[in-house]
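Here is the structure we will look at.
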Amino acid sequence: MSGWKLTALVVVLALSLLGNALAIGAGVRLYALRAAMLGDGAAVTLPRTMRRDLVAGLSAHKEQLHPALAAVQNTRRDAVLALTAKPYDEAKATAALDALRAAVSVLMQQGQGVVLETMRAKAGG
């Protein structure tokens, strides 16, 4: 094998190993972040079939949930803008964060209603 082919092979192998290391590192970081946010095992407490049922139930109600989700996205954007505004106005930032909290609460209430409805239907009630 000529010198440049061997060099190219080594470079490709090194890049492949580097890519694998980066992918594994990203996976480990995502797992650590999930564990920090949810606690170890919190994301796997529901059986897979139940998670599928919940995803199907939420998808079936996406038209109902979409306005509340859009409100969360919009108020989050407004909160980021208020928090990064120059000059900083604490009253505006507080109002934007309060609006975000209210929008998240509405989305959570609607989502919880869909979850409970889905579980009730699966239970035959």
Side-chain angles (χ1 to χ4, degrees):
M1 187 177 291
S2 67
W4 72 268
K5 287 182 181 177
L6 182 59
T7 302
L9 182 62
V10 169
V11 168
V12 168
L13 179 60
L15 288 174
S16 175
L17 290 173
L18 177 63
N20 289 338
L22 290 173
I24 290 169
V28 169
R29 288 186 66 186
L30 285 173
Y31 178 79
L33 178 61
R34 189 198 80 189
M37 296 295 290
L38 302 174
D40 286 329
V44 293
T45 56
L46 296 175
R48 181 175 300 218
T49 56
M50 187 179 288
R51 289 193 312 261
R52 272 193 229 125
D53 293 339
L54 290 173
V55 168
L58 290 167
S59 294
H61 290 84
K62 66 183 173 188
E63 296 302 319
Q64 171 192 346
L65 297 172
H66 181 57
L69 179 59
V72 168
Q73 292 168 338
N74 291 334
T75 56
R76 181 187 177 279
R77 182 198 63 234
D78 294 345
V80 169
L81 291 173
L83 289 167
T84 58
K86 301 281 188 228
Y88 174 71
D89 184 334
E90 188 165 346
K92 286 183 181 179
T94 300
L97 290 172
D98 289 344
L100 176 58
R101 185 180 321 107
V104 168
S105 179
V106 168
L107 179 61
M108 291 296 296
Q109 289 171 350
Q110 290 180 4
Q112 182 179 348
V114 171
V115 167
L116 295 174
E117 179 182 315
T118 301
M119 292 296 91
R120 189 178 319 112
K122 282 305 275 186

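The heavy-atom pair separating Thr118 from Asp53 by the smallest distance is CG2-O, 3.5 Å. Residue Ala79 comes nearest to Ala96 through the heavy atom pair CA-CB, 3.7 Å, listed as atom of the first residue, atom of the second, then distance. Of all non-hydrogen atoms in Ala68 and Gln110, the two that sit nearest each other are CB-OE1, 3.3 Å.
In this structure, Leu58 belongs to a hydrophobic cluster whose other members, linked by side-chain heavy atoms under 4.5 Å apart, are Leu65, Val114. Connectivity analysis of hydrophobic side chains (ILVMFWY, heavy atoms under 4.5 Å, direct or indirect) links Leu18 to Leu22. Val12 belongs to no multi-residue hydrophobic cluster, having no ILVMFWY side-chain contact under 4.5 Å with any other such residue.
In this view, Glu63 satisfies the side-chain contact (heavy atoms from CB on, under 4.5 Å) rule with no residue, not counting sequence neighbours. Applying the side chain to side chain donor-acceptor pair (under 3.5 Å) criterion to Asp98, with sequence neighbours excluded, gives Arg101. Applying the side-chain contact (heavy atoms from CB on, under 4.5 Å) rule to Val55 yields the partners Ser59; only residues at least two apart in sequence or on another chain are considered. Residues meeting the side-chain contact (heavy atoms from CB on, under 4.5 Å) test with Ser16, sequence neighbours left out: Asn20.
Both Met108 and Leu69 sit in one connected hydrophobic cluster of ILVMFWY residues. Membership requires side-chain heavy atoms under 4.5 Å apart, directly or through other members.
Note on residues 64-78: pairs passing side-chain hydrogen bond (donor to acceptor under 3.5 Å, both in side chains), not counting sequence neighbours, are Asn74-Arg77.
Of the inter-residue distances, the one linking Leu97 atom CG with Glu90 atom CD reads 10.0 Å to the nearest 0.5 angstrom.
In this structure, Met119 and Met50 have side chains that are in contact, with non-hydrogen atoms separated by less than 4.5 Å. A 4.5 Å side-chain heavy-atom check between Lys5 and Leu9 finds every atom pair outside the cut-off.
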